[in-house]
Amino acid sequence: MQCFLFLQPRFKGLYKLDPKLFLLPSFRKAISENTEESFRRIISEPFPGVFVFKMFQPDFSEKLLLEVTITHHLATYYLPCSYLFGLLLFIFCCLINQVENFRKWANETNFTIRRPDNTSKYGVVLDDFGLDIMLKQLMDDFIFPICKVFFPEVCGTMFDSHYGFFIENGEDRDADVGFHVEDSDITLNVCLSKQGEGGEILFAGARCNKHMDIDPKPEEYFDYCHIPGQAILHRGCHVHGARATASGRRANMILWCQK
């Protein structure tokens with residue numbers, strides 16, 4: 001039995017993705033047209049194989065300030081920056097708060113939280129508390145059409161599975177991750193919140209399993225400053241890491257799309 005069944009969800013709408021409620025009209029229109037031209041209108045490619053775009057509705061800042069139930073976690077280090085982050089999304093803040101709710105429940109019941117990897121102390125696997133249906137819908141209906149156009153070499157057919165998780169890095173949280181590849185065909189990385197300096201994502205070229213130890217060439221390096229509300233899409237074999245967070249914290253939702 002999934003552990004989320006023992007929890008009382010604070011934001012029930014989070015567990016089923018409502019496109020009209022959560023997704024930008026421009027994004028929905030591009031997905032509906034389902035052509036490279038329509039995707040290019042909303043997606044930039046600042047570096048070969050790295051695609052950046054906005055997916056979610058931005059109109060929830062005032063609602064966030066009225067949400068009494070999220071003050072415990074967000075007022076500490078997210079809400080003070082909410083006015084600066086006009087594109088910080090309601091779905092994202094709901095996610096952050098639900099993670100905190102889950103942590104409290106796990107502490108009270110001595111439940112062991114499954115971490116994204118063996119080095120993480122603050123990340124959680126999102127499927128473990130009921131977000132698997134939402135993440136699968138997000139992958140199948142909205143991420144796959146984009147991948148089929150921009151990554152045809154690996155996305156000729158639908159994804160078979162996903163692995164979604166939430167991470168926090170910076171002060172009093174997990175250390176930033178060095179260069180690595182991921183056990184995914186395609187990775188979606190959504191910036192949920194960022195406060196302070198540092199934490200840029202540094203890409204260093206795509207590698208197959210047989211050539212992971214080859215040093216990157218100078219032209220393969222690319223720095224990207226991830227900002228709240230934006231999503232990055234890239235191959236799992238694209239070597240990347242995060243620069244050290246000089247101050248503050250950042251939170252990301254990661255979705256591995258796998259075949």
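We're numbering straight along the sequence, starting at 1. Side chains included, hydrogens not; waters and symmetry mates left out as well; all remaining heavy atoms used.
Side-chain atoms of His234 and Asn189 include no donor-acceptor pair closer than 3.5 Å. Between the side chains of Gln258 and Ser161, at least one donor-acceptor pair of N or O atoms lies under 3.5 Å.
Residues satisfying the salt bridge (Lys or Arg N to Asp or Glu O under 4.0 Å) criterion with Asp183, sequence neighbours excluded, are absent altogether. Among residues two or more places apart in sequence or in another chain, the side-chain contact (heavy atoms from CB on, under 4.5 Å) test is passed with Glu220 by Arg207, Pro216, Lys217.
In terms of heavy atoms, His238 sits closest to Gly49 at ND1-O, 4.2 Å.
Within a 6.0 Å radius of CD in Glu219, more than 12 heavy atoms belonging to other residues, nucleotides or ligands are found. Glu197 CD: 12 or fewer foreign heavy atoms inside a 6.0 Å radius.
In the hydrophobic clustering of this structure, Phe222 does not group with Phe51; members are Ile, Leu, Val, Met, Phe, Trp, Tyr whose side-chain heavy atoms approach within less than 4.5 Å, directly or through other members. Taking hydrophobic clusters as Ile, Leu, Val, Met, Phe, Trp and Tyr residues chained together by side-chain heavy-atom distances below 4.5 Å, Ile186 shares a cluster with Met158. One hydrophobic cluster, built from ILVMFWY side chains closer than 4.5 Å, holds both Leu233 and Leu135.
Using bins of under 30°, 30° to 60° and over 60° for the plane-to-plane angle, the ring pair Tyr163/Phe165 lands in the tilted bin.
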Given ring pair (Phe, Tyr, Trp, His ring centres under 6.0 Å), test Phe47 with Phe203 step by step and report yes or no. CA-CA 9 Å; Phe47 190 78; Phe203 290 89; 7.5 Å; no
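Within the model, atoms CD1 of Ile146 and CD1 of Ile42 stand 5.5 Å from one another, a figure rounded to the nearest 0.5 Å.
Here the options are Asp160, Thr157, Asp185, the test is side-chain hydrogen bond (donor to acceptor under 3.5 Å, both in side chains), and the partner is Lys259; only Thr157 passes.
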Identify all side-chain donor-acceptor contacts of residues 22-31 below 3.5 Å with residues at least two apart in sequence or on another chain.
residue, atom, partner, partner atom, Å
Arg28, NH1, Leu23, O, 2.9
Lys29, NZ, Glu33, OE2, 2.4

